[in-house]
Peer 1: 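The structure is given below, and queries will be raised subsequently.
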Amino acid sequence: MRTLLSLALIFGFSATSFAQYGELTGLKLLKPEDKEDIKSTPAPQGAIVLFDGKNLDKWSKQDGKTAAHWKLVDGGAMQVEKPGNIITKDKFGGAFKLHVEFRVPYVAEGKGQGRGNSGVYVQGRYEVQVLDSYGLESKNNDCGGIYEVAAPLKNVCKAPTVWQSYDIEFTAPKFENGKKTEPARMTVYHNGVKIHDDVKIPVDNTRAGAGGDPATAGPILLQEHGHQVQFRNIWVLPSK
Ligand code: MG
């Protein structure tokens, strides 16, 4: 009896895990290419590689001290693991471009913010949302949204389970004598399509960000929101 129960648990669990990156049963595909992974973009010359699939050496837990606990998985990727966000050991200021590839699981029964939620926080403070927003009319808390600041210009999400990319051109806010003279700015490309055009970010920390002094450099933070989102090929190219 106990064996049967264990088997049921094992098979039940693996069926669930598999389904998250398996068939898209019941999903209405809008275009065939929504099921095609984006081509991975190699780090250009001068870029700082933050994750290439081999290890999490460039990352820590959000305390900045403890080794990062997310899981390395097949395909040169890492997968979100509870509990907690991870951050880069390096901090970034000034202007730079951040490249991130990600995919969200297919959680057919999930709704709204409960489908493949994670996020990429630039300087630990400004979140570009990661979510399964496939086929929706995107709001500022959907995939590609600068969280609660700006909705993407269009929804270019691929289907869940399919690899996507963000290229985020970020300029840190400017301060003079402790007073902010210029807000942070972001231009964002999602799967190669411009979804934010030099958006001024009026806040110093979006929801659930790491905060801190916005006049100082900050890490790249990846959000743990309880969902099995995956990331691969992450690099930063400082502006000249
Ligand atoms: Mg999020």
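These values consider heavy atoms only, across backbone and side chains, with no hydrogens, waters or symmetry-generated copies. We count ligands from 1, going down the list as the structure has it; atoms in each ligand are counted the same way.
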Peer 1: For N/O/S atoms only: which one belongs to E127 and is nearest the Mg ion (ligand 1)?
Peer 2: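 Going through the N, O and S atoms of E127 one by one, OE2 ends up nearest to the Mg ion (ligand 1).
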Peer 1: Run Y147 and Y126 through ring pair (Phe, Tyr, Trp, His ring centres under 6.0 Å) and show every step you take.
Peer 2: CA-CA 8 Å; Y147 204 81; Y126 312 100; over 10 Å; no
Peer 1: Can you find a pair of side-chain heavy atoms, one from M186 and one from V122, that are under 4.5 Å apart?
Peer 2: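 Counting from C-beta outward, M186 and V122 do come under 4.5 Å.
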Peer 1: Round to 10° and report the angle made at the Mg ion (ligand 1) by OE1 of Q223 and OD1 of N117.
Peer 2: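 Vertex at the Mg ion (ligand 1): approximately 100°.
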Peer 1: Please round to the nearest 0.5 Å and tell me the distance separating atom CD1 of I168 and atom NZ of K97.
Peer 2: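 These two atoms lie 11.0 Å from each other.
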Peer 1: Going by the angle between their ring planes, with limits at 30° and 60°, are F231 and F102 parallel, tilted or perpendicular?
Peer 2: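 Tilted, since the angle between the ring planes falls between 30° and 60°.
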Peer 1: Near the Mg ion (ligand 1), is there an N/O/S atom from S118 that is less than 2.8 Å away?
Peer 2: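 Under 2.8 Å: S118 contacts the Mg ion (ligand 1) through an N, O or S atom.
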Peer 1: Tell me whether the Mg ion (ligand 1) has Y147 as a neighbour, meaning an N, O or S atom of it below 2.8 Å.
Peer 2: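 No, since none of the N, O or S atoms of Y147 sits under 2.8 Å from the Mg ion (ligand 1).
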